[in-house]
Amino acid sequence: MRLVIVGGGGFRVPLIYRALLRERGPARPTRVVLYDPDPVRLSVITAVLRQLSAESTGTAGSLEADGAAGVGGAAPEVTATGDLPAALTGADVVFAALRVGGVRGRTVDERVALRAGVLGQETVGAGGIAYGLRTVPVLRRLAELIRERAPRAWTINFTNPAGLVTEAMAEVLGDRVIGICDSPSALAGRLARALRVVPERLRVDYAGLNHLGWARRALVDGVDRLGELLADDAALDSFEEGRVFGAQRLRRLGAVPNEYLHYYYDTEAALRSVRAARQTRGEYLRDQQERFYAAAAARPDAALALWRDALARREESYSAEVRRATGGGERDRDDVVAGGYENVAVPLLAALRGTAPARLVLNVRGGGALPGLDAGAVVELPCLVDSNGAQPLAAAPLGEPELELVRRVKATERLTIEAARTGSRSLAAEAFAAHPLVGPAVAERLVADYRAASPEIAEVLARR
């Protein structure tokens with residue numbers, strides 16, 4: 001199997017490769033191809049993977065750019081290249097893990113929004129719209145190239161905003177593109193720990209959009225124990241969403257929201273927390289990654305140790321602004337250890353390769369599985385996955401307030417996609433105006449300010 005990682009110089013790529021090294025079945029790729037336009041980042045991550053492979057296999061390992069020999073015995077052979085068409089040719093699976101504009105682009109998204117008095121989180125509100133505007137044209141071109149060079153490949157999209165980008169790519173690739181996010185599986189893991197059961201015994205009924213969903217049942221051996229959990233103050237205080245949202249709200253909802261609902265339910269507190277911080281999340285990651293890549297480029301023999309140190313700091317600080325705003329305390333150590341996207345990507349890859357069906361929460365075209373949304377809408381639902389793809393499972397209707405919020409955000413996503421596709425500034429302004437965390441008062445200003453601050457957005461929004 002030929003697996004291509006587009007964005008192969010990204011910081012999280014070693015997490016994926018490490019998980020692949022643990023995969024011993026037929027789903028394990030025989031070859032991993034890293035593509036990245038940045039040769040420095042690509043060489044650094046190549047060094048990290050070489051050292052991971054050597055550590056895994058107990059050999060010195062071998063990893064070279066453009067035509068490498070096998071790595072570490074049984075480890076997947078890895079090559080690295082800056083030639084995207086060549087990388088994609090003959091691919092069986094493509095992981096799309098791009099950050100258009102880099103982490104510096106994220107800092108622009110955040111600061112422009114904050115200056116206008118609204119949240120700039122990279123997937124929520126103004127920041128998410130800006131990220132989508134920058135990203136959609138690039139990912140659509142990638143989808144077209146995949147269709148040309150590897151028409152039977154499965155594309156697994158890691159790129160944020162995951163639901164929006166997956167919907168844009170699905171216009172080209174149909175159901176052969178699947179979006180992933182680790183938030184629902186991380187929430188399921190926390191619910192399992194709160195209920196004191198192993199995760200394999202828990203099945204969560206989850207429904208919504210990416211970063212906008214709710215766990216509505218927690219089935220342990222087929223019995224729903226969510227009500228029991230919601231009635232237990234100590235259990236709720238034992239996990240992040242219980243502390244962030246509070247027992248009273250969770251009982252009123254009768255569900256446990258995705259952690260990103262904090263931005264919708266407690267907007268002013270979230271805004272105050274971000275403003276009070278010395279740096280935005282993007283600025284923290286920009287500085288950390290610049291230090292890491294520079295240090296690892298200078299000392300490639302220490303690349304793995306440097307990466308592990310940077311990863312530990314990154315994971316411990318994840319969602320810090322939410323915990324500051326709500327008094328949620330330190331991040332749960334179990335969450336840091338549990339990992340992230342790779343724990344969804346590798347089981348998905350295995351199921352698509354036909355090893356065994358899997359039940360995973362994914363971003364796919366719903367086909368009407370979520371009542372209230374049309375068949376073409378990309379939604380985040382539990383899916384049954386096998387070699388034929390991901391089939392979303394029919395969901396019970398959302399409550400009216402939740403459905404209205406989902407519809408407004410889905411309408412915003414589609415306006416963003418159309419604005420990016422056509423280059424229309426007026427459609428971009430409509431997208432900002434439609435989002436429940438932005439609104440019409442600052443929509444025109446945001447379009448003008450993002451065009452002034454972001455070369456990528458200025459290039460996309462060429463039409464009035």
For residues [X] and [Y], determine if any side-chain heavy atom of one lies less than 4.5 Å from a side-chain heavy atom of the other.
| X | Y | answer |
| --- | --- | --- |
| L230 | V256 | yes |
| L415 | F432 | no |
| Y341 | L15 | no |
| P29 | L20 | yes |
| W154 | L173 | no |
| L187 | Y206 | yes |
| V409 | Y264 | yes |

Would you say [X]'s side chain and [Y]'s backbone share a donor-acceptor pair under 3.5 angstrom?
| X | Y | value |
| --- | --- | --- |
| T416 | I129 | no |
| S273 | A270 | no |
| E283 | T280 | yes |
| R2 | A87 | yes |

Determine all donor-acceptor pairs shorter than 3.5 Å in which one atom belongs to a side chain in residues 100-108; sequence neighbours excluded.
residue: R104; atom: NE; partner: E290; partner atom: OE2; Å: 3.2
residue: R104; atom: NH2; partner: E290; partner atom: OE2; Å: 2.4
residue: R106; atom: NE; partner: E110; partner atom: OE2; Å: 3.3
residue: R106; atom: NH1; partner: E122; partner atom: OE2; Å: 3.2
residue: T107; atom: OG1; partner: R104; partner atom: O; Å: 2.6

Option from R134, R115, R99 for which salt bridge (charged side-chain N to carboxylate O under 4.0 Å, His left out) with D109 holds: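 Answer to the salt bridge (charged side-chain N to carboxylate O under 4.0 Å, His left out) test with D109 among R134, R115, R99: R134.
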
side-chain contact (heavy atoms from CB on, under 4.5 Å) between R251 and L236, intermediate numbers included: CA-CA 10 Å; R251 288 167 187 154; L236 290 177; 4.2 Å; yes

Contact list for residues 451-464, test salt bridge (Lys or Arg N to Asp or Glu O under 4.0 Å), sequence neighbours left out: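 For residues 451-464, and leaving out neighbouring residues, there are no salt bridge (Lys or Arg N to Asp or Glu O under 4.0 Å) pairs at all.
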
Parallel, tilted or perpendicular: rings of Y260 and H211 (30°, 60°):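 The rings of H211 and Y260 lie parallel, inter-plane angle below 30°.
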
R12 to F158 six-membered ring, cation-pi geometry met (6.0 Å, 45°):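 Not satisfied by the 6.0 Å and 45° rule.
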
Full working for side-chain contact (heavy atoms from CB on, under 4.5 Å) between E241 and N258: CA-CA 8 Å; E241 286 79 4; N258 182 292; over 6 Å; no

Reported CG-to-CD distance for the pair D233 and Q248, which is rounded to 0.5 angstrom: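 The CG atom of D233 sits 11.0 Å away from the CD atom of Q248.
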
Nearest-0.5 Å distance that lies between atom CG in L212 and atom CG in L261: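 Here the interatomic distance stands at 5.5 Å.
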
Distance-only polar pair, side chains of N160 and T123, donor-acceptor under 3.5 Å: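 There is no such pair (donor and acceptor under 3.5 Å, judged by atom type) between the side chains of N160 and T123.
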
R217, CZ: over 12 other non-hydrogen atoms inside 6.0 angstrom: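 Open: at most 12 neighbouring heavy atoms sit under 6.0 Å from CZ of R217.
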
Under 3.5 Å, side-chain donor or acceptor atoms of residues 354-377 against the rest of the protein: list the pairs with distances, not counting sequence neighbours.
residue: T355; atom: OG1; partner: A350; partner atom: O; Å: 2.8
residue: N363; atom: ND2; partner: E380; partner atom: OE2; Å: 2.8
residue: R365; atom: NE; partner: D175; partner atom: OD1; Å: 3.0
residue: R365; atom: NH2; partner: D175; partner atom: OD1; Å: 3.3
residue: D374; atom: OD1; partner: G376; partner atom: N; Å: 3.0
residue: D374; atom: OD1; partner: A377; partner atom: N; Å: 3.2
residue: D374; atom: OD1; partner: R414; partner atom: NH2; Å: 3.0
residue: D374; atom: OD2; partner: R414; partner atom: NH1; Å: 2.6
residue: D374; atom: OD2; partner: R414; partner atom: NH2; Å: 3.3

